[in-house]
Each structure stands twice: as structure tokens, then as C-alpha cells.
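Fair warning: this is a prediction, and the values are worked out from it, not measured in the lab.
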Amino acid sequence: MKKSENSMKRPTNRRAFLTNGMVAAGAVTMGASLLPGTSAAFSGEEDGAPITKGDIAILTFLSALEQVEADLWIQYAELGGATNQGLSPIDLPFTGGLAPDYITGLLVLDGDMPQYISDNTDDEISHHRFLNNYLESKGAKQIDLSRFAILPPSRVTGVPQKGRLTNLKQLTIDTSWWTRYRSETANPDFGGTFENAVPDLAKGQHPAIPLSDGDLGVDAKGNISNHLQAIANTAGFHFAFIEQGGSSLYPALAQKVTNLEVLRILLSIGGSEIMHFQTWHDKAGNATNITDGNLTFPNLNAGIDPNNGAAGNNIADEFQTNLIMPEPTFFLDKKLGPVSIIRPTSTQQGGAVASVVSFAEDGLFLDPSTNRNTGIVDALIRLAEEADEARRKI
């Protein structure tokens with residue numbers, strides 16, 4: 001069976017990305033001004049190794065990306081989160097659960113979806129705040145991307161009509177992570193390519209939140225429309241897409257840090273990203289087999305490849321919804337045999353630039369007024385390059 005190409009094979013360097021015309025003209029430059037003066041190192045606190053300029057670049061980029069994630073999760077929580085999130089040290093600065101009919105669709109994926117959405121939201125807020133506070137404690141500058149918060153949010157009643165960093169209304173979602181984690185013979189770090197679980201999500205543009213009150217409403221029996229259920233299903237797959245990126249990004253960048261305390265930060269926050277991913281991976285499998293216009297959510301337990309109609313035992317293993325544990329696959333050297341791992345973890349496939357490119361290709365930064373990405377992409381790419389260029393010094 002021929003594997004379809006996906007974003008894992010696309011160029012992930014800034015020059016190729018800009019050449020392809022994906023970044024809005026006039027984007028601001030952020031680069032070196034975000035680093036602390038001209039000092040290359042700070043005093044380490046645990047192992048004597050300094051906090052290097054590269055460590056600061058990595059932490060700055062991660063804080064920036066966590067701000068992006070906080071922005072998108074806040075939008076999900078505003079509409080579909082818990083109305084009472086329970087005890088949390090993070091005070092969510094908004095009202096959640098504003099779209100009960102949207103929540104009805106999310107509950108099809110899991111009865112605890114609103115709580116999980118709110119919890120994921122305060123996690124991402126905490127990541128950004130902590131990383132910024134840590135940078136400041138070491139004499140480095142905090143990062144704030146709020147100047148790029150220009151994208152319009154949902155117009156559902158009650159949603160604050162203020163600009164956002166991310167657009168959740170025109171997404172093109174790569175769902176190849178689904179088959180990537182089920183493969184026993186392929187690893188993206190070895191050049192493996194993988195098919196999409198929901199091929200239609202990977203083409204066209206699809207909303208993951210209701211655009212306005214017009215998307216809401218129930219029929220006489222209290223049922224929501226197929227369109228609104230498709231929006232909720234799209235959100236479910238998007239949740240996992242976002243968090244699988246963090247699952248790979250943190251270990252990819254952890255290999256570059258010098259200071260032991262900084263390594264501890266990356267391993268600790270990265271672990272929570274992995275917990276998020278597996279949760280959403282599991283919930284996405286409950287998406288109902290429906291069609292809404294040109295978007296179909298296939299029955300992934302039918303033993304049929306939704307990409308080409310092929311059938312067989314190997315097809316069932318690639319798409320079956322309860323296979324959410326990473327199957328052992330090849331790692332480092334095929335002579336070592338298969339092992340269950342996070343994948344990818346190389347800079348090329350899972351590093352900082354690769355993460356920004358995947359988010360941009362997802363449509364997260366698309367400005368509907370221009371049909372182009374906002375200037376945040378250029379800013380993130382510059383930060384990502386500095387993070388990817390960091391090298392461990394021992």
C-alpha cells in the first residue's frame with residue numbers, strides 16, 4: 001500500500017517556508033533583542049553548567065509557542081469548556097461553556113470533555129507564565145506576542161470580541177499522527193510517511209468552533225445538526241494534533257540544552273504535553289461517522305483504509321480506535337530492534353521550526369481578511385531558528 005505524503009516531508013527551514021509565500025509581508029523582526037544583552041551565560045544552580053544563550057533561546061521560543069497554545073485553548077474553553085472548572089491555581093480570566101449546543105457535540109466524544117478542555121487551557125496558561133517568569137528570574141526578557149492578536153474570534157453570544165493570535169475557523173488538519181503512532185515499521189525520523197485518519201480534514205478549510213449563533217440550535221427532539229457535530233468532531237482531532245506537536249517538540253529541544261535545571265523544565269513540561277496528547281488521541285476515536293458537505297468522518301473501526309478503500313488485517317491495525325498506546329517501531333538504529341517511543345524527536349521533523357511550519361499549515365494564523373498568515377509566523381520562525389540552532393555545551 002502506497003503511503004500518502006504529508007507535512008512531515010515538507011521543507012522546514014525558514015528560507016523555503018518564506019519562498020513558498022506563506023508569511024505575510026511586513027512581519028516584524030524579533031530575534032536577538034529578546035536575548036539578555038550580550039551575556040552568553042548565567043550561573044547554573046544544580047550541576048555547575050551555565051544557562052547558555054542557547055538555553056535562553058529555547059525557553060523563549062517555548063514560552064512564545066505556549067502563548068499561542070493558550071490563546072487557542074482559551075477560545076475552545078470559552079465555547080466548550082466547563083462552566084465551573086473546579087479547583088485550579090490558574091484563574092481562567094473568562095466565562096466558559098458559552099455554547100451549550102457545541103458542548104452537546106463535544107460530549108459525544110467523551111462525557112468529561114468540558115472539564116478536560118478547561119484543564120488543558122489552564123495547563124497551557126501556566127506553561128507560558130512559568131517560562132516567562134523563569135526567563136525573567138535569570139535576567140532574560142519575557143516574551144509577549146499580544147501585538148499579533150488581531151484575528152477575529154467566534155461571534156457566538158457572550159464571546160469577548162477582542163483580537164486573537166489564532167484562527168480556529170479555517171483549519172486544515174493533518175491527522176497522520178493517528179497512523180504514525182500505530183506503525184510498527186516506520187518512524188518519521190527515518191523518513192517514514194503516514195496516511196491521514198480523516199483525509200477530508202487534511203484538505204479544504206474546516207471550523208473547529210461555531211462561527212456564530214447560526215451554527216447552534218437543536219431540532220424538536222433536542223438533537224444538534226450534522227454540521228455542528230462535524231465542528232465538534234473537527235475540534236476533537238485538532239486537540240490531538242496540537243498536543244502531539246508538543247509531545248515531540250520538548251524532547252527534540254531537550255537534547256540541545258546545557259543547564260540541568262533547564263533540562264528539568266523541558267522534561268517536566270514536555271511530560272504534561274504527552275499526557276494531553278494521549279487523552280485527546282483517545283477522545284478523537286469516538287468521533288461519529290457522519291458527513292457534512294465535503295467533510296466525512298469515516299468509521300475507523302471498519303477495517304477499511306479511508307484514503308483508498310483498501311482492506312485487510314494490517315489496515316485494521318492502522319486505524320482501530322482503541323490502539324492509542326505507541327506501537328514499538330524503529331529508533332536510532334534498526335539493528336536495535338523496535339521500541340515504543342514518542343515520534344518524531346529529531347530537529348528536522350519535531351524541532352522548533354518544524355513546529356511553527358506545521359501550525360501555520362494548519363491554518364492557525366490565517367487572517368480571513370487577507371487570506372494570508374499574520375506577522376506572528378515570521379516572528380515565531382525567527383525565534384524557532386534560534387532555538388534549533390542551540391547546541392549543548394559540555
**Item:** Leu364 and its side-chain contact (heavy atoms from CB on, under 4.5 Å) partner, picked from Leu171, Leu165, Val356, Asp71
**Value:** Leu171

**Item:** Where at least one partner belongs to residues 239-253, residue pairs that pass salt bridge (Lys or Arg N to Asp or Glu O under 4.0 Å), sequence neighbours excluded
**Value:** none

**Request:** Considering non-hydrogen atoms only, spot the tightest contact between Asn373 and Ala360 and give its length.
**Result:** ND2-CB, 4.0 Å

**Prompt:** Would you say Lys169 and Pro152 make side-chain contact, with heavy atoms under 4.5 Å?
**Reply:** yes

**Request:** Run the numbers on Asn132 and Glu136 for side chain to side chain donor-acceptor pair (under 3.5 Å), then give the verdict.
**Result:** CA-CA 6 Å; Asn132 258 3; Glu136 186 176 55; over 6 Å; no

**Fill in**
Value for CG (Leu135) from CG (Leu59), rounded to nearest 0.5 Å, stands at 5.5 Å

**Asked** Going through the checks in order, is the side chain to side chain contact (heavy atoms under 4.5 Å, CB included) test met by Trp280 and Ile324?
**Response** CA-CA 10 Å; Trp280 299 126; Ile324 65 169; over 6 Å; no

**Asked** Is a side-chain donor or acceptor of Ser183 paired with a backbone partner of Thr179 at a separation under 3.5 angstrom?
**Response** no

**Fill in**
In this structure, CD1 of Ile51 is separated from OG of Ser137 (nearest 0.5 Å) by 7.0 Å

**Prompt:** Would you say Leu228 and Tyr102 make side-chain contact, with heavy atoms under 4.5 Å?
**Reply:** yes

**Prompt:** Using links of under 4.5 Å between side-chain heavy atoms of ILVMFWY residues, direct or through other members, which residues join Leu107 in one cluster?
**Reply:** Ile103

**Spacing of Ile125 atom CD1 and Glu69 atom CD [to the nearest 0.5 Å]** = 12.0 Å

**Side chains of Thr258 and Arg391 in contact at under 4.5 Å (non-hydrogen atoms)** = no

**Prompt:** Do Asn187 and Thr329 get their side chains close enough for a donor-acceptor pair, meaning under 3.5 Å?
**Reply:** no

**Asked** Can you hop from Trp177 to Met325 via hydrophobic side chains spaced under 4.5 Å?
**Response** no

**Item:** Inter-residue atom distance Thr288.OG1 - Gln229.CD, 0.5 Å rounding
**Value:** 4.0 Å

**Request:** Return each pair, listed once, that meets salt bridge (Lys or Arg N to Asp or Glu O under 4.0 Å) where at least one residue sits in residues 214-223; pairs must be two or more places apart or across chains.
**Result:** none

**Request:** Would you indicate whether the side-chain heavy atoms of Phe61 and Leu249 approach each other to under 4.5 Å?
**Result:** yes

**Item:** His281 versus Ala240, closest heavy-atom pair with distance
**Value:** N-CB, 4.0 Å

**Request:** Please report the C-alpha distance between Val262 and Ile58 in whole Å, then the side-chain angles of each, then the deciding distance to 0.1 Å, and finally whether the side chain to side chain contact (heavy atoms under 4.5 Å, CB included) criterion is met.
**Result:** CA-CA 9 Å; Val262 175; Ile58 288 170; 5.6 Å; no

**Prompt:** How long is the span from the CD1 atom in Ile209 to the CD atom in Gln75, to the nearest 0.5 Å?
**Reply:** 5.0 Å

**Complete:** Across all chains, not counting sequence neighbours, the side-chain contact (heavy atoms from CB on, under 4.5 Å) partners of Leu300 are Trp178, Ala197, Phe237, Pro298, Pro306, Phe319, Thr321

**Asked** Nearest heavy-atom pair of Thr172 and Ala202: which atoms, and what distance?
**Response** CG2-O, 3.3 Å

**Message:** Let me check something: do Tyr250 and Ile342 share a hydrophobic cluster, defined by ILVMFWY side-chain heavy atoms less than 4.5 Å apart, either directly or through other members?
**Reply:** yes

**Asked** Considering only heavy atoms from C-beta outward, does the side chain of Val218 approach that of Thr104 to under 4.5 Å?
**Response** no

**Request:** Could you please spell out the steps behind the ring-ring contact (aromatic ring centres under 6.0 Å, His included) verdict for Phe239 and Trp73?
**Result:** CA-CA 9 Å; Phe239 297 165; Trp73 277 108; 4.7 Å; yes

**Request:** Sort and list the pairs that fulfil salt bridge (Lys or Arg N to Asp or Glu O under 4.0 Å) and have at least one residue in residues 149-164, not counting sequence neighbours.
**Result:** Glu78-Arg164

**Prompt:** Are Asp362 and His238 side-chain neighbours, meaning at least one heavy-atom pair lies under 4.5 Å?
**Reply:** yes

**Request:** Not counting sequence neighbours, list each pair that qualifies as a ring-ring contact (aromatic ring centres under 6.0 Å, His included) and has a residue in residues 125-145.
**Result:** none

**Asked** Which residues satisfy the side-chain contact (heavy atoms from CB on, under 4.5 Å) test with Asn371, sequence neighbours excluded?
**Response** Gln205, Leu366

**Prompt:** Backbone N or O of Phe297 within a donor-acceptor pair of the Asn289 side chain at under 3.5 Å?
**Reply:** yes

**Request:** Looking only at non-hydrogen atoms, find the nearest pair between Leu211 and Ser154 and report the distance.
**Result:** O-OG, 3.5 Å

**Item:** Within one Ile-Leu-Val-Met-Phe-Trp-Tyr cluster: Leu72 and Ile269, side-chain cutoff 4.5 Å
**Value:** yes

**Request:** Can you sort out the partners of Asp292 under salt bridge (Lys or Arg N to Asp or Glu O under 4.0 Å), two or more places apart, ordered by chain and number?
**Result:** none

**Message:** For a quick test of reading the model, state the closest non-hydrogen atom pair linking Ala284 to Gly236 and the distance between them.
**Reply:** CB-O, 3.9 Å

**Prompt:** Can a donor-acceptor pair be found between the side chains of Thr347 and Asp388 at a distance below 3.5 Å?
**Reply:** no

**Asked** Got a donor-acceptor contact below 3.5 angstrom from the Asp189 side chain to the Thr345 backbone?
**Response** yes

**Prompt:** Would Ile173 end up clustered with Leu151 when hydrophobic side chains under 4.5 Å apart are linked, directly or stepwise?
**Reply:** no

**Request:** State, with a plain yes or no, whether a side-chain heavy atom of Pro344 is found less than 4.5 Å away from one of Arg180.
**Result:** yes

**Message:** My understanding is that only residues two or more places apart in sequence, or in another chain, count here; which of them pass ring pair (Phe, Tyr, Trp, His ring centres under 6.0 Å) with Tyr181?
**Reply:** Phe277

**Prompt:** When rounded to the nearest 0.5 angstrom, what is the spacing between NE2 in His276 and CD1 in Ile242?
**Reply:** 13.0 Å

**Prompt:** Taking all non-hydrogen atoms of both residues, which atom of Ala82 and which atom of Ser118 are closest, and how far apart?
**Reply:** N-OG, 2.9 Å

**Request:** Taking ring pair (Phe, Tyr, Trp, His ring centres under 6.0 Å) as the test, write out the residues that go with Phe365, two or more places apart.
**Result:** none

**Request:** Output the rest of the hydrophobic cluster of Phe190: all Ile, Leu, Val, Met, Phe, Trp and Tyr residues reachable through side-chain heavy-atom contacts under 4.5 Å, sorted by chain and number.
**Result:** Phe330

**Prompt:** Applying the 4.5 Å side-chain criterion to the ILVMFWY set and letting contacts propagate, would Ile274 and Leu65 be lumped into a single cluster?
**Reply:** yes

**Request:** Using atom types as modelled and distance alone, determine if a side-chain donor or acceptor of Asn299 lies under 3.5 Å from a backbone N or O of Asn301.
**Result:** yes

**Asked** Can you list the steps and then say if Leu253 with Val257 is a side chain to side chain contact (heavy atoms under 4.5 Å, CB included)?
**Response** CA-CA 7 Å; Leu253 293 181; Val257 303; 5.8 Å; no

**Message:** Under the criterion side chain to side chain contact (heavy atoms under 4.5 Å, CB included), I'd like the reasoning laid out for Asp367 against Ile150: C-alpha separation, chi angles, the key distance, then a yes or no.
**Reply:** CA-CA 8 Å; Asp367 186 341; Ile150 61 173; 4.3 Å; yes

**Asked** Cluster partners of Phe331, using ILVMFWY side-chain heavy atoms under 4.5 angstrom, listed by chain and number?
**Response** Leu332, Leu336, Val339, Ile341

**Asked** Are a donor atom and an acceptor atom from the side chains of His206 and Asp200 found within less than 3.5 Å of each other?
**Response** no

**Prompt:** With distance as the sole test, does Gln244 use its side chain to make a donor-acceptor pair with the main-chain N or O of Phe241 at under 3.5 Å?
**Reply:** yes

**Prompt:** Taking C-beta and beyond as the side chain, do Thr60 and Glu386 meet within less than 4.5 Å on heavy atoms?
**Reply:** no

